[in-house]
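Below is one structure, written out as structure tokens; the observations come after it.
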Amino acid sequence: MDKSTVRNLFLQKRNIITDADLLDASAKIKDVCIKHILFHKSTIVHIFLPIQKKKEINTWLLIHYLWSKNIYTTTGTMLPNSLFMENTLFEKNTEIKINKWGIPEPTNGKIIPKRSCDIIFVPLLCFDKQGNRIGYGKGMYDRWLADIPSSTPKIGLSLFPPIEFAVDYHFQDVRIDFCITPEQIYNFDSNANPLIVL
């Protein structure tokens, strides 16, 4: 099945989720993260800010938990007139705006080298049992993740379990190492990671 068809299918599946069910799923995902990830060994965590109109997982629940543990959080900020991202620090007092792609991003955050991140949370629409993810089709995270050290865990967050069918992936697509759903964590990394407890 081609990516465009799968993307539209999961956009429709997201569309029918109620706000109450989305909040409940987001809270469960946060709890799974806390159970399986050794955040106390992390200093900087990269995490995406949710696009509310696309009913993305409410990552603010996890962000507030990270702040309560004095862990720095960064997120992607789009470079002007491009599809490339910078890694930007944001804190409780950081102003957030919606960019032209509809993505929330900091307006006055400090740029942080992306290789300094201990954990990276990656947005997605769906994923398969090999750790391939499907996003919105712009390739922003694939480009951004291309030179991240293999030792840095790349973790997808998904409302749905993995898809069962094959999808036509591109050679430049970057696989995730783990994916967390409201029910469980999926491991695609054959090497043990000291930050993840399974």
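Keep in mind that this is a model prediction, so the values were computed, not measured.
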- Task: Report, as yes or no, whether the 6.0 Å neighbourhood of atom CD on Gln184 holds more than 12 heavy atoms from other residues, nucleotides or ligands.
- Result: yes

- Neighbour count above 12 (heavy atom, 6.0 Å) for Lys3 NZ: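 More than 12 heavy atoms, drawn from other residues, nucleotides or ligands, come within 6.0 Å of this atom.
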
- Message: Looking at Trp144, I'd like to know if the NZ or CZ of Lys114 sits under 6.0 Å from its six-membered ring centre while staying within 45 degrees of the ring's axis.
- Response: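 Output yes; distance and angle both within limits.
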
Is there a path of hydrophobic side-chain contacts, each under 4.5 Å between heavy atoms, that joins [X] and [Y]?
X      : Y      : result
Ile134 : Phe165 : yes
Val197 : Ile180 : no
Leu49  : Leu79  : no
Ile71  : Ile34  : yes
Phe39  : Leu198 : yes

Does any part of the side chain of [Y], heavy atoms only, come nearer than 4.5 Å to the side chain of [X], both counted from C-beta?
X      : Y      : value
Asn58  : Gln52  : no
Leu23  : Leu61  : yes
Leu157 : Cys179 : no
Ile148 : Val174 : no
Asn187 : Phe178 : yes
Leu159 : Leu22  : yes
Glu164 : Lys129 : yes

- Task: Might you work through the side-chain contact (heavy atoms from CB on, under 4.5 Å) test for Leu11 and Leu125, ending with a clear yes or no?
- Result: CA-CA 7 Å; Leu11 283 170; Leu125 280 167; 3.7 Å; yes

- Query: Could you go step by step and tell me if Leu62 and Ile57 meet the side-chain contact (heavy atoms from CB on, under 4.5 Å) rule?
  - Reply: CA-CA 10 Å; Leu62 184 54; Ile57 292 157; over 6 Å; no

Nearest 0.5 Å, please: how far is [atom2] in [Y] from [atom1] in [X]?
X      : Y      : atom1 : atom2 : result
Ile119 : Ser42  : CD1   : OG    : 3.5 Å
Ile163 : Cys126 : CD1   : SG    : 4.5 Å
Ile29  : Ile185 : CD1   : CD1   : 11.5 Å
Ile103 : Ile98  : CD1   : CD1   : 9.5 Å
Leu38  : Asp118 : CG    : CG    : 12.0 Å
Lys97  : Thr77  : NZ    : OG1   : 9.0 Å

If you compare all heavy atoms of [X] against all heavy atoms of [Y], which two are closest, and at what distance to 0.1 Å?
X      : Y      : value
Tyr141 : Gly76  : OH-N, 4.5 Å
Thr75  : Pro106 : CG2-CD, 3.4 Å
Leu124 : Gly156 : CD2-CA, 3.7 Å
Thr5   : Asp2   : OG1-OD1, 2.8 Å
Thr88  : Ile111 : OG1-CD1, 3.5 Å
Ile47  : Thr59  : CD1-CB, 3.9 Å

- Query: Do Arg133 and Asp173 pass the salt bridge (charged side-chain N to carboxylate O under 4.0 Å, His left out) test, and can you show the C-alpha distance, the side-chain angles, and the key distance before you say yes or no?
  - Reply: CA-CA 8 Å; Arg133 59 178 281 276; Asp173 294 343; over 6 Å; no

- Do the charged groups of Lys35 and Asp31 touch, with an N to O distance under 4.0 Å? no

Donor-acceptor contact present, side-chain [X] to main-chain [Y], <3.5 Å:
X      : Y      : value
Arg143 : Lys138 : yes
Arg115 : Asp147 : yes
Asp128 : Gly131 : yes
Glu95  : Asn108 : no

- Give the intermediate values and the outcome of side-chain contact (heavy atoms from CB on, under 4.5 Å) for residues Phe48 and Glu56. CA-CA 10 Å; Phe48 61 94; Glu56 286 191 334; 4.0 Å; yes

- Query: Taking the six-membered ring for Trp, are Phe90 and Trp67 parallel (under 30°), tilted (30 to 60°) or perpendicular (over 60°)?
  - Reply: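 Rings of Phe90 and Trp67: perpendicular, as their planes differ by over 60°.
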
- Query: Other than Ile112, which residues form its hydrophobic cluster under the rule that side-chain heavy atoms must be closer than 4.5 Å?
  - Reply: Ile44, Tyr72, Leu89

- Decide side-chain contact (heavy atoms from CB on, under 4.5 Å) for Phe121 and Thr73; before the verdict, give the C-alpha distance in whole Å, the side-chain angles of both, and the deciding distance to 0.1 Å. CA-CA 11 Å; Phe121 286 103; Thr73 51; over 6 Å; no

- Query: Hey, do the aromatic rings of Phe127 and Tyr186 have their centres closer than 6.0 Å?
  - Reply: yes

